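Right, one structure below, let's go through it.
All ligand and atom numbering here is 1-based and tracks the order in the structure. In what follows, every heavy atom counts, from backbone to side chain, and hydrogens, waters and symmetry copies are set aside. Only a predicted model underlies this, so the values are computations on that prediction, with no experimental measurement involved.
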Amino acid sequence: MKIVVVGTGYVGLVTGTCFAESGNSVTCVDIDPQKIQSLKRGEVPIFEPGLAELVGRNIAANRLSFTTDINEVVPQAEFIFLAVGTPPRSDGTADLTSLWTVAEQLAPVLPHDAVVVVKSTVPVGTNSKLAVRLQELLGRECDVASNPEFLKEGAALEDFTKPDRVVVGVRRAEVGEKLKSLYLPYLRTENPFLIMSPESAEMTKYVANAFLATKISFINEVANLSEQLGADISDVRRGIGHDARIGFQFLFPGVGYGGSCFPKDVRALASLARQHDTPTPILDAVDRVNLRQKEIIFDKIRQHFGKNLSEITIAVWGLAFKPRTDDIREAPALGLIDRLLDAGVQVCVHDPVAMDNVKKSYADKLTYTESPLETLRNVDGLAVMTEWGEFLHPDFVQMKQSMRQPVVFDGRNIYDPAVMKHHGFAYYSIGRAPVQDGRTGHDNSTPDPG
Ligand code: NAD
């Protein structure tokens with residue numbers, strides 16, 4: 001099948017490449033000429049495990065190409081996937097400017113039987129409005145379908161090729177069948193292909209993200225309470241997670257959720273609810289709790305070092321909003337860095353793949369280091385903000401020798417307080433008793449392994 005994907009970011013590039021991999025002829029379109037130039041050379045501008053190899057293979061097989069010229073490629077297309085960004089406006093609503101721009105560009109060249117598929121996350125009702133707008137421009141009806149994307153950055157190829165489910169929202173059953181045949185290579189494990197109305201499909205995407213964000217804010221809220229009450233959230237998590245109705249997924253306490261989806265989608269859904277005079281106090285609280293949680297490591301640093309932080313240096317491990325991606329949109333690490341810089345702290349940072357993105361906005365305000373250990377030279381404390389694999393088992397002896405003061409603020413609970421105590425660190429984590437000067441704050445801590 002001939003496919004055009006408009007918007008070649010995290011979602012568009014993965015979508016286009018995976019459809020090419022299953023034998024389709026795919027052209028990815030973007031307005032960013034630099035991005036398209038590098039993709040034409042087989043250079044992938046984002047970090048996503050396995051993607052560069054797949055892009056290279058499909059370019060070589062002539063199944064995948066790139067262009068900035070939408071007019072050139074749409075006339076031959078059977079499906080046009082829209083995967084442009086839908087960023088948040090300051091009032092929380094989704095900014096659909098790119099989507100409407102593409103609609104205007106598409107109309108003059110849209111083939112008669114092509115299906116326009118909205119993959120971007122858009123407010124409920126957008127597919128309908130798009131169908132109406134295209135009809136105005138074309139002077140005839142055209143098929144518009146919703147096909148929200150559920151991939152996770154860092155595991156995007158796996159998620160796309162082995163989806164838990166594929167959701168499509170259509171007005172006509174034939175359109176659902178056409179889309180099903182396109183997705184068939186990825187439905188071989190009997191994962192469901194769910195056909196519903198465009199409104200339900202649009203809503204499904206927001207509700208999925210809002211629910212996952214709710215779990216994160218919930219566990220963070222009770223983690224903070226556990227810490228105050230002398231309970232250990234890791235034990236509490238084990239205690240609840242074995243209940244099959246609760247489970248363990250997305251119940252990791254930490255420094256709050258970030259990324260390009262959860263914060264914006266929770267706010268967009270809440271804004272949509274306000275527009276329809278329907279209160280959503282849970283959604284509002286999820287966002288508020290998350291914003292508060294993003295401050296937690298800075299608060300712990302201030303509690304440890306006192307109000308005047310201008311003499312200290314802090315190392316930050318992990319800049320991306322989560323491991324296995326270079327995406328720094330709304331990353332908790334950046335909020336911490338801003339706070340530290342405002343307080344006059346010197347900041348050294350390390351991230352395996354996201355440093356170039358951070359350099360674009362922070363330039364020489366930060367010291368960038370090539371290895372985690374190098375970051376620790378003469379620092380007064382370390383903040384762990386992303387749980388990259390390479391941070392999980394560091395050499396604590398070398399770490400302690402490098403640091404001016406052995407203080408670790410673990411925003412992801414990746415270390416064992418007993419081990420940190422054994423190595424003589426002051427250690428602060430989320431929802432667990434602090435280890436101060438080799439002593440635990442509560443006397444009900446886990447036993448010392450040493
Ligand atoms: P992105 O910012 O990485 O990519 C968007 C791309 O669209 C950019 O390359 C941009 O240059 C391009 N673009 C903007 N206007 C354009 C135009 N008029 N014509 C052609 N290209 C244009 O965004 P993303 O992370 O890929 O997200 C895209 C959509 O998918 C959003 O609605 C997002 O909410 C949703 N989504 C994202 C994820 C994710 O993990 N990133 C997951 C599921 C859904």
Side-chain angles (χ1 to χ4, degrees), residues 4-18 27-39 44-49 51 66-74 80-89 92-107 109 116-124 126-127 130 146-160 163-167 201-202 204-210 212-213 257-269 320-331 357:
V4 167
V5 180
V6 188
T8 310
Y10 288 87
V11 168
L13 186 56
V14 169
T15 302
T17 306
C18 289
T27 308
C28 292
V29 181
D30 205 284
I31 41 167
D32 181 341
Q34 265 186 325
K35 192 177 266 191
I36 292 299
Q37 278 314 318
S38 45
L39 282 164
V44 173
I46 54 170
F47 176 84
E48 182 59 48
L51 185 58
F66 300 94
T67 183
T68 51
D69 187 357
I70 198 167
N71 296 324
E72 174 193 75
V73 288
V74 166
I80 298 105
F81 280 82
L82 308 188
V84 293
T86 50
R89 290 203 188 90
T93 55
D95 183 346
L96 301 181
T97 309
S98 300
L99 189 93
W100 297 124
T101 306
V102 175
E104 303 290 320
Q105 291 171 337
L106 275 183
V109 282
V116 177
V117 189
V118 181
K119 217 171 216 332
S120 303
T121 304
V122 291
V124 181
T126 304
N127 273 254
L130 181 61
S146 165
N147 173 214
E149 182 51 59
F150 300 99
L151 63 77
K152 300 183 289 296
E153 287 175 20
L157 295 182
E158 178 81 3
D159 287 347
F160 196 93
D164 296 330
R165 78 297 201 193
V166 174
V167 171
E202 291 166 329
T204 298
K205 174 64 194 174
Y206 278 113
V207 173
N209 275 358
L212 294 172
Y257 57 78
S260 65
C261 292
F262 286 5
K264 94 170 161 64
D265 292 349
V266 168
R267 284 176 213 145
L269 189 55
F321 83 94
K322 66 175 184 177
R324 293 178 295 283
T325 181
D326 61 350
D327 196 341
I328 56 167
R329 290 178 279 188
E330 302 228 18
N357 284 341

If you measure every N/O of [X] against every N/O of ligand 1, is any gap under 3.5 Å?
X	answer
Gln105	no
Thr121	yes
Arg329	yes
Asp32	no
Lys35	yes
Lys264	yes
Val11	yes
Glu153	yes

Closest approach of [X] to [Y] (non-hydrogen atoms, all atoms of both residues):
X	Y	value
Ala201	Pro148	O-CG, 3.5 Å
Phe66	Leu13	CE2-CD1, 3.7 Å
Ala103	Leu130	CB-CD1, 3.5 Å
Pro123	Tyr206	N-OH, 3.4 Å

[X] heavy atoms, cut-off 4.0 Å: which ligand 1 atoms fall inside?
X	value
Ser120	29 (C), 30 (O), 32 (O)
Val6	19 (N), 20 (C)
Val102	17 (C), 18 (N), 19 (N)
Ser98	14 (C), 15 (N)
Cys261	36 (N), 37 (C), 38 (C), 39 (C), 40 (O), 42 (C)

Checking the side chain of [X] only, and the main-chain atoms of [Y] only, is there a donor and an acceptor separated by less than 3.5 Å?
X	Y	value
Glu202	Thr126	yes
Asp30	Val6	no
Asn127	Ser146	yes
Glu48	Thr325	no
Ser120	Val84	yes
Thr93	Arg89	no

Is Glu330 salt-bridged to Arg267, cutoff N-O under 4.0 Å?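 So Glu330 pairs with Arg267 through a salt bridge.
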Under 3.5 Å, is there a donor-acceptor pair between the Thr67 and Asp69 side chains? no
Please state which part of Ser260 comes within less than 4.0 Å of ligand 1, counting heavy atoms only: side chain, backbone, both or neither.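 Side chain only.
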For [atom], what is the nearest protein heavy atom, given as residue, atom name and distance?
atom	value
atom 11 (O) of ligand 1	Asp30 OD1, 2.6 Å
atom 19 (N) of ligand 1	Ile31 CG2, 3.6 Å
atom 32 (O) of ligand 1	Thr86 OG1, 2.5 Å
atom 5 (C) of ligand 1	Gly85 N, 3.5 Å
atom 29 (C) of ligand 1	Val84 O, 3.5 Å
atom 7 (O) of ligand 1	Gly7 CA, 3.4 Å
atom 4 (O) of ligand 1	Gly9 CA, 3.2 Å
atom 43 (C) of ligand 1	Glu149 O, 3.2 Å

Applying side-chain contact (heavy atoms from CB on, under 4.5 Å), run through Leu106 and Leu82 and close with a yes or a no. CA-CA 11 Å; Leu106 275 183; Leu82 308 188; 4.3 Å; yes
Which of the listed options, Phe262, Tyr10, Trp100, holds the heavy atom that is closest to atom 24 (P) of ligand 1?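 Nearest option to atom 24 (P) of ligand 1, by heavy atoms: Tyr10.
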Quick one, Asp327 and Ser260 - any side-chain contact, counting heavy atoms below 4.5 Å?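 In contact.
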contact_flag Lys152 ligand 1 heavy-atom lt 4.0 Å: no
